[in-house]
Amino acid sequence: MTTDNKGYSVASDASVLETTPEAEAAAFASDAGPKNVVESFRAYWGRVRGGEGGALPAILGALVLVIIFANTSDVFLSKGNFANLLQQAAQISVLGMGMVFVLLIGEIDLSAGTAGGVCAAGLALALNNDGDLQASLGTGVFVVLMLIMVATVALAALSKLWIPAVIIALGIVVAVAHLGSTQLLAMFLSVAVGTSIGTLIGFLVARVGIPSFIVTLALFLAWQGVLLKFIGTGAAIPTRNFELVDKIENGYMPVVFAWVVWALAILAYLGTTAYRSITRRRNELSAEPLDLVFVRAGAIAVVTGIAVFVLNQDRSRTVFAKIQGVPWAVLIVAIVFVFWTYILTRTQYGRFLYAVGGSRQAARRAGIDVARIRMSAFVICSGMAGLAGIIGASYLGGVPSDFGKNTDVLYAVGAAVIGGTSLFGGRGKVRDAVIGAIVIAMIPNGLNLIKNISSSYVFLVTGLVLLVAAGADALSRRKPAEE
């Protein structure tokens with residue numbers, strides 16, 4: 001001990017800085033996280049009691065719906081209806097995953113449904129006219145479309161959004177060079193148009209400063225007009241004759257291939273999560289307990305394995321044909337889910353997005369380009385709307401003039417919120433949209449199987465479920481503030 005110039009006793013620098021390995025280990029132990037499955041469960045239950053239920057309410061809600069519909073309809077738990085449910089949820093899942101990014105920054109995109117319709121219309125027109133959009137749209141409309149896409153390339157480049165800029169530019173090449181007669185390139189064009197739409201929305205919201213509610217509400221109406229211009233009132237553009245597009249929702253993976261994909265996915269998940277847990281613990285960082293990793297991987301393997309087994313059974317109602325296998329749409333949803341989950345949880349961009357959603361001011365002080373991050377969220381959302389439009393066109397067998405204008409965007413927002421994503425920003429995961437989409441799809445699927453029940457109940461029940469989810473989100477936000 002030493003004394004300062006006022007006579008007070010103070011610790012010397014050496015004594016303050018002097019630590020032992022045991023002291024350092026003890027200090028780390030408090031921040032290392034749970035050590036086993038029991039501690040992990042207690043920590044999770046503590047978060048649930050604190051209002052952070054995550055996807056738990058949606059999972060419980062799904063179980064309740066399964067019990068209700070299983071007792072009111074003999075068909076609900078059939079193999080054929082299970083496949084139908086997953087196919088019905090595919091479009092909502094993809095659109096909802098894009099919506100998660102916008103909700104994470106505390107914004108909303110009301111135009112995603114009709115934007116997906118415009119993207120799907122571009123796909124269908126390209127396929128049905130040998131890739132010649134100019135002939136199908138007319139020179140004037142085509143030139144305006146290309147000028148808008150060129151402008152959004154410039155806007156994306158100025159905001160240093162290089163990947164969207166490249167996607168839109170390649171989409172222009174596909175359109176101008178009449179390459180859309182190839183189904184894969186036509187689908188790419190659909191995503192490119194969606195990316196262009198998202199760049200425009202993001203610029204108006206993040207750079208110009210117009211509230212997202214106003215911008216996307218205006219474009220929700222505008223895209224309906226564009227669809228009518230592209231297709232015509234009461235008309236539809238068919239896609240059923242194009243095998244690759246049609247098989248997305250109406251084709252099935254070979255049985256052996258489905259099992260191989262399942263096994264590789266489980267092994268990849270177990271390997272990456274176990275490696276991350278081991279290396280983080282070795283480097284004295286907070287990490288999940290290894291036994292929890294194995295328990296979770298086992299649970300996922302059992303649930304998904306049962307699903308694959310059921311879908312691989314013959315569900316045809318006749319003896320003249322076989323219908324079996326996992327729908328290709330399920331694989332697409334799974335790939336998109338894994339990709340965006342990695343982006344959100346394992347990249348700097350994901351950390352920046354959560355930071356902006358938590359507090360724009362704090363993110364700005366930390367050196368994050370807030371406008372660029374906000375703009376990118378709308379780009380992702382509309383790009384995913386383009387992919388959702390492809391899935392929707394495959395499911396319907398064409399693109400009608402009212403594509404996406406009814407409940408698509410409401411279901412997408414509902415799926416994300418019901419799954420656990422906050423409407424206030426900063427909290428949510430990609431998985432929320434998938435879980436919520438299954439719940440959303442389950443409601444009309446189950447109610448339509450009940451005899452003598454009005455279709456009005458579909459909207460009533462869906463609305464009530466969304467209201468409960470939004471209310472739970474609001475209450476969970478108030479509780480920490482009050483404490």
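None of these values were measured; they are calculated from a predicted model.
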- Message: Go through it in stages, so that I can follow the logic: the residues are M99 and C381, the test is side chain to side chain contact (heavy atoms under 4.5 Å, CB included), and I'd like the CA-CA distance, side-chain angles, deciding distance and then a yes or no.
- Response: CA-CA 5 Å; M99 193 66 67; C381 183; 4.2 Å; yes
If you measure from [atom1] on [X] to [atom2] on [Y], what distance do you get to the nearest 0.5 Å?
| X | Y | atom1 | atom2 | result |
| --- | --- | --- | --- | --- |
| W223 | S382 | CH2 | OG | 8.5 Å |
| L311 | I306 | CG | CD1 | 12.0 Å |
| F403 | L227 | CZ | CG | 8.5 Å |
| L65 | I440 | CG | CD1 | 10.0 Å |
| I450 | I68 | CD1 | CD1 | 8.5 Å |
| M375 | L204 | CE | CG | 9.0 Å |

Please enumerate all residues that pass side chain to side chain donor-acceptor pair (under 3.5 Å) together with [X], with sequence neighbours excluded.
| X | value |
| --- | --- |
| R296 | E288 |
| N81 | N445 |
| D314 | none |
| T199 | none |

- Begin with the C-alpha distance, continue with both residues' side-chain angles, and end with the deciding distance and a verdict on side chain to side chain contact (heavy atoms under 4.5 Å, CB included) for Q183 and L127. CA-CA 7 Å; Q183 293 180 62; L127 290 176; 3.8 Å; yes
Atom of [X], atom of [Y] and distance for their closest heavy-atom approach:
| X | Y | value |
| --- | --- | --- |
| A274 | V293 | N-CG1, 3.8 Å |
| A433 | A415 | O-CB, 3.7 Å |
| G117 | V399 | O-CG1, 4.1 Å |
| A388 | V94 | N-CG1, 3.8 Å |
| L189 | G171 | CD1-O, 3.5 Å |
| L123 | A393 | CD2-CB, 4.5 Å |

- Message: Does D74 have more than 12 heavy atoms from other residues, nucleotides or ligands lying within 6.0 Å of its CG?
- Response: no
- Message: Counting only heavy atoms from other residues, nucleotides and ligands, does the tally under 6.0 Å from CD1 of I163 exceed 12?
- Response: no
Hey, does [Y] have a side-chain heavy atom less than 4.5 Å from the side chain of [X]?
| X | Y | result |
| --- | --- | --- |
| M97 | D432 | no |
| F101 | L344 | yes |
| R281 | L290 | no |
| V66 | M442 | yes |
| D246 | T239 | no |
| V434 | R431 | no |
| I335 | L331 | yes |
| V205 | I210 | no |

- Note on the structure: Those residues at least two apart in sequence (or on a different chain) that pass side chain to side chain contact (heavy atoms under 4.5 Å, CB included) with V330 are L86, V326, P327
- Note on the structure: Sequence neighbours excluded, the answer for side chain to side chain contact (heavy atoms under 4.5 Å, CB included) partners of A362 is S359
Spell out, as yes or no, whether a donor-acceptor pair under 3.5 Å connects the side chain of [X] to the backbone of [Y].
| X | Y | answer |
| --- | --- | --- |
| S190 | G386 | yes |
| Y354 | G428 | yes |
| S111 | F220 | no |
| S394 | V245 | yes |

- Item | Residues I380, V102; criterion side chain to side chain contact (heavy atoms under 4.5 Å, CB included); working and verdict | CA-CA 8 Å; I380 292 172; V102 173; over 6 Å; no
- Which salt bridge (Lys or Arg N to Asp or Glu O under 4.0 Å) pairs, counting each pair once, include a residue from residues 247-276, with sequence neighbours left out? E243-K247
- Query: Among pairs that include at least one residue of residues 98-110, which meet salt bridge (Lys or Arg N to Asp or Glu O under 4.0 Å), considering only residues two or more places apart or in two chains?
  - Reply: E107-R360, E107-R374
- Scan residues 332-353 for pairs that pass side-chain hydrogen bond (donor to acceptor under 3.5 Å, both in side chains), counting only residues two or more places apart or in two chains. Y349-S376
- Applied to residues 89-102, the side-chain hydrogen bond (donor to acceptor under 3.5 Å, both in side chains) test, sequence neighbours excluded, yields Q91-D408
- Message: Show me the pairs that pass ring-ring contact (aromatic ring centres under 6.0 Å, His included) and involve residues 57-84, at least two apart or across chains.
- Response: F69-F76
- Query: ring-ring contact (aromatic ring centres under 6.0 Å, His included): which pairs involve residues 251-275, sequence neighbours left out?
  - Reply: F257-W328, W259-W262
- Does the pair R240 and N250 meet the rule for a side chain to side chain contact (heavy atoms under 4.5 Å, CB included), with working shown? CA-CA 10 Å; R240 188 71 73 192; N250 303 294; 2.8 Å; yes
